Amino acid sequence: MPTTLTITPPGDYVLARDFCSYGYFLLEPNHWEPETGSAGRVLHLEGGAAAAVIDQRPSGQLRARFDRSLDRSEQGEARRQLSRMLGVDVPRSEVEAFHRADPRWKKSGRGRLCRSPTLFEDMIKTVTSCNVAWPSTITMNRRLCEVMGKRSPSGGYAFPTPRRLARAKPMTLRSRCRVGYRDARIVELAKLYVKGRIDEAWLSDPATPGDDVFRFLTSLPGIGPYAAGNIMQLLGRYDRLAIDTESFRHARVVLGMDGTDAQLSKQLAEYYDAFGDHRFRSYWFELWDFYESRKGPAHTWEKHTTGTTFTASQLNK
DNA sequence: GGTAGACCTGGACGC
DNA sequence: GCGTCCAGGTCTACC
C-alpha cells in the first residue's frame, strides 16, 4: 500500500508561492504541475528511490503521496527532506521578521525560498549553475539524475547520492551528464561529503560566524565567491549577496545603476545594506518580481517551455 | 593582492 | 544547416 504523509506547515504557508520561489524548482528531479498546483519529486531514501506528489489541501495541510510504501524510518527521513525542500521548516516568525525589514513583500507574503532536500544537492546544483547559461544547468541536472540517480517504482529518477558521485569517473560525468570541466570538481566535492569533511550542522549553526562559513565554502572545489554566497542563502543565511552577471543586469535595468562591474558590486552592497540580515531575500524577490513581470507568475511556468527561457539574451530583450 | 587566460557547453547569429 | 562567436564563475599562474 503506497504511503501518504500529511505535513502541517506554518499558517502562512502557500505551496504555489513558496515552492515556485527559486530556480531550483525547475531543475530535475523537481517538478511543478501548473494545472493541478502540485509539486513532484523523487526522494532517495534508505530503501531506495520513492516518488512523491505533493499538494496543499483546503485546510492548508500538505499531502505527500508516494509511489511505494515507506517504513517508519523512511517516513521520518521523507518528512525531513520535504520540509527542507518546501521551506516548511521556516517559521512564520522568521518571515514576519523579514517583512519588518522589507515591508514590500508583506502583501504577497513572500519570504521562503525553495531549496533541495539535502545540502549536498544544493551544493552540486550551485556548481552546475556556475559559468553556464540556464538551459545547460537544466540539462546537467536532468542527466545527472538519469545517469547517476536511482529509479523510483513509477519511473522517475532521484538526484544522485554523495556516495554514488564520489565513485563516478569524471569522464563519465563529462561525456554522459554534459557537466564539462566541472566533472572532477563534482567528484571531489562528493568525496569530501562522504568523508564527513562538510559539517552541515556547523555550517547551519547561527553561532558560526558568516565569514568562517564563507571562507570554508570557498576552499571547496568548484566553489568561489558567487557559489559560496548562494550556498549560504540555501543554508538559511541571508545576510550576504551572491553576485553574478544577473546581479549586474538587475542593477542596471531595474535599479538604474551605472558603472563598471566593480562599481556596481559596491553600489549593490550599499543598496542592500538597508535590509540587514535579510539582504539576499530582498535582492532575490526583486529579481523574481522582474522574472514574473516578463513571464507571468512562477506557478504558471511550464518546465519545458517558460522554464527554459531564462537566458541573458532573452531577459535583455 | 590583483589580473589574464583557460576551462566546456550550448544558445545566438550570420551566411 | 553549418560554422563561428560569445557568455558564464572558478582556478591557476604570474606579476
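In this text the structure is predicted, and so the values were computed from the model without any measurement. A, B, ... follow the sequence lines: proteins, then strands. Residue 1 opens every chain.
- Residue A/Leu173 contributes atom CG, which lies 15 Å from atom C1' of B/dT9 at whole-angstrom precision.
- Rounded to an integer number of Å, the gap from A/Arg143 CZ to B/dT9 C1' is 12 Å.
- Rounded to a whole Å, the CD1 atom of A/Ile186 is 13 Å from the P atom of B/dC8.
- We find that CD1 of A/Ile138 is positioned 14 Å from C1' of B/dT9, with the value rounded to whole Å.
- Heavy atoms only, all atoms of each residue included: A/Trp284 and A/Leu113 are closest at CD1-CD2, 3.2 Å.
- For A/Arg240 and A/Phe280, the positive end is not near the middle of the six-membered ring at less than 6.0 Å and at most 45° from its axis.
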Going 5' to 3' through nucleotides 9-15 of chain C, assign each nucleotide B (protein heavy atom under 4.0 Å from a base atom), S (under 4.0 Å only from sugar-phosphate atoms) or - (no protein heavy atom that close).
BSS----
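- One atom, CG of A/Asp261, and another, C1' of C/dG8, lie 12 Å apart when rounded to the nearest Å.
- For B/dC8, one of the phosphate oxygens OP1 or OP2 lies less than 4.0 angstrom from a side-chain nitrogen or oxygen of A/Arg174.
- We find that A/Lys125 and A/Glu28 are not joined by a salt bridge, their nearest charged nitrogen and carboxylate oxygen being 4.0 Å or further apart.
- The closest side-chain donor-acceptor pair between A/Ser83 and A/Asp89, if any, does not fall under 3.5 angstrom.
- Between A/Asp55 and A/Arg57 there is a salt bridge, since at least one side-chain N of the basic residue sits less than 4.0 Å from a carboxylate O of the acidic one.
- Looking at A/Glu286 and A/Arg110, no side-chain N of the basic residue comes within less than 4.0 Å of a carboxylate O on the acidic one, giving no salt bridge.
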